There are 2 protein chains.
Amino acid sequence: MTQRKVISFETIRVACKNCTLSQLCLPMGMSPEDVDRLDSIVKRSRPLHRGDHLFRSGERFRSLYVVKTGSVKTYTPSEEGGEQVLGFHLPGEIIGLDAIDQDAHACSAKVLETSAICEVPFQRFEELAASIPSLQHSMFRLLSKEIGHDAEMLLLLGKKNAEERLAAFLVSMSQRLSKRGLSPTDFYLSMSRHEIGNYLGLAVETVSRLFTRFQDEGLVKVDRKHVEILDLHSIETIAGAAQAAGSRKHSN
Amino acid sequence: MTQRKVISFETIRVACKNCTLSQLCLPMGMSPEDVDRLDSIVKRSRPLHRGDHLFRSGERFRSLYVVKTGSVKTYTPSEEGGEQVLGFHLPGEIIGLDAIDQDAHACSAKVLETSAICEVPFQRFEELAASIPSLQHSMFRLLSKEIGHDAEMLLLLGKKNAEERLAAFLVSMSQRLSKRGLSPTDFYLSMSRHEIGNYLGLAVETVSRLFTRFQDEGLVKVDRKHVEILDLHSIETIAGAAQAAGSRKHSN
DNA sequence: AACCCAGGTTGACATGCATCAAGGGTAAAT
DNA sequence: ATTTACCCTTGATGCATGTCAACCTGGGTT
């Protein structure tokens, strides 16, 4: 016992069964034994730093990645430095799902702040999923959830105006942080205004102006990346007001 | 032999193994025996007609649906009759994937023209997928493909202008019809201008004007729902010109 | 045949947001 | 401490596209 492995502390710290994210992540609904089996195929690396890539567009697909701490953005780079930000990923969220089909990454994933990432080799994962029904089910659900989330984004980009988009973004951040045990009304954004604008299909200037306006209206208090939500209810109302009176866009 | 079942003709006509879509659909890459197992859980109903619903938003999720012939649109209805069209589905395409996560349908699915639909009860399907690795893999791929497609739509809605959107829509239709053995340059659209506009985040009038403009420029010949593509190459160029010179929107 | 009506087209006008431009604050680098 | 470079903010202007309104057209109904 005195001779136990030096890595034991490390192991305890990161093992799936001890991970606070297990209810949000793949282990969701699995028996302790099965979680151990999953755990045995997960690779963990040293923390990554701002700007590091998990993978780049075009690379062969080998593994899914799960954010353990920190945050990651995914984006599709296009010629000339332009890009479309596809999403911001918080702890427990899985990255690389879109690569399964083509066996290659169509987007790139870049770390926004110092982050710990779990790597899940996909081939092994599939074998495991075939023998653990609840894991297969979790995976179907996670993929489905992503599709549902994308549908929300389509609605946002297709029907909502700038104000509604930023409000929806704030509500989403608030809810997701809250689920992770953080404050739903006081948080730091790890992405730039530019990245937010890109994600929401808006110009940086518009995002900036909206933050200012929301602040003037007493809805939030913003200081650079630090956001305090003062009136979450009003922001939720704005965010949900897609087809409400006054916004008759494409109303059939 | 004389006494064979009356439904035999019907059965032959629709069985997965005799279906021309099998390479686009779930049976992709499965052994003939496994296709039979899949076939045994698939339900087929009488043809549905324009306006019929496969399911409606809010209903309990029980089955996935696959278009066999015809076409279907999915959309999220919102209060006041407004809606966001999420997609148009051609033969071989699977509908209902976004409902797996919540165990309830978040969108509605409406038939655009007389269509034959296969119903796949999901619980049975999951059992089958766990015992047929290639089926599980197909399903992961199909879900992943949907996510990748959604990402393309996010780029379209977030970065492309009206002209690029409609061009992308035409290219998509052309490619998908072509894969199904139909002409890539001469086809009938089963959806209205309104539905196209809603899908692309544009007003009906804009869609109409663009069709006219494309026709004036000699790119297409349009007569109501009938579209002939005269210069597919140019349309592809327009569709792909997201970040090209001249369109500097959000160019970082 | 006359009517009806949803779907489509076209024109005139309005506006939300992108674009252009300039300046200020902050954090990392030296 | 100073420099540097990025990020953010704010103002002025223009344009693409939504909105409003009118009319056309073809298919179905009485």
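To find a chain, count down the sequence lines: A is the first, B the second, and so on, and within it residues start at 1. Predicted model only: the values in this text are computed from it and were never measured.
At least one side-chain nitrogen or oxygen of A:Thr212 sits closer than 4.0 Å to the OP1 or OP2 atom of D:dT10.
When the nucleotides C:dC17, C:dG11, D:dT17 are ranked by their closest atom to the side chain of A:Thr206, C:dC17 comes out on top.
For residues 193-207 of chain B, the salt bridge (Lys or Arg N to Asp or Glu O under 4.0 Å) pairs, not counting sequence neighbours, are B:Lys73-B:Glu195. Residue pairs satisfying the side-chain hydrogen bond (donor to acceptor under 3.5 Å, both in side chains) criterion with at least one member in residues 50-60 of chain B, sequence neighbours excluded, are listed as follows: B:His53-B:Arg56, B:His53-B:Tyr75, B:Arg60-B:Asp103. Within the structure, salt bridge (Lys or Arg N to Asp or Glu O under 4.0 Å) pairs that include any residue of residues 183-192 of chain B do not occur (at least two apart or interchain).
Partners of A:Thr212 under the side chain to side chain donor-acceptor pair (under 3.5 Å) rule, at least two apart in sequence or in another chain, do not exist in this structure. Partners of A:Arg213 under the salt bridge (Lys or Arg N to Asp or Glu O under 4.0 Å) rule, at least two apart in sequence or in another chain, are A:Glu163. Evaluation of the salt bridge (Lys or Arg N to Asp or Glu O under 4.0 Å) rule for B:Arg176 yields B:Glu93 as partners, not counting sequence neighbours. Residues meeting the salt bridge (Lys or Arg N to Asp or Glu O under 4.0 Å) test with A:Arg44, sequence neighbours left out: A:Asp39. By the side-chain contact (heavy atoms from CB on, under 4.5 Å) test, A:Ala167 pairs with A:Phe214, A:Ile235, A:Ile238, A:Ala239, sequence neighbours left out.
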Validation: residues 147-157 of chain B side-chain donor-acceptor distances under 3.5 Å, sequence neighbours left out:
none

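Bending across the helix from C:dA1-D:dT30 to C:dT30-D:dA1, expressed as the angle between its end axes from five pairs apiece, amounts to 40° (10° rounding).
For the contact set between residues 186-193 of chain B and DNA chain C, defined by any heavy atom under 4.0 Å, the members are B:Ser192, B:Arg193.
Of all heavy-atom pairs spanning B:Cys107 and B:Thr76, the tightest one is CB-CG2, 4.0 Å.
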Would you list the protein and nucleotides 27-30 of chain C atom pairs, both N or O, that sit under 3.5 Å from each other?
none

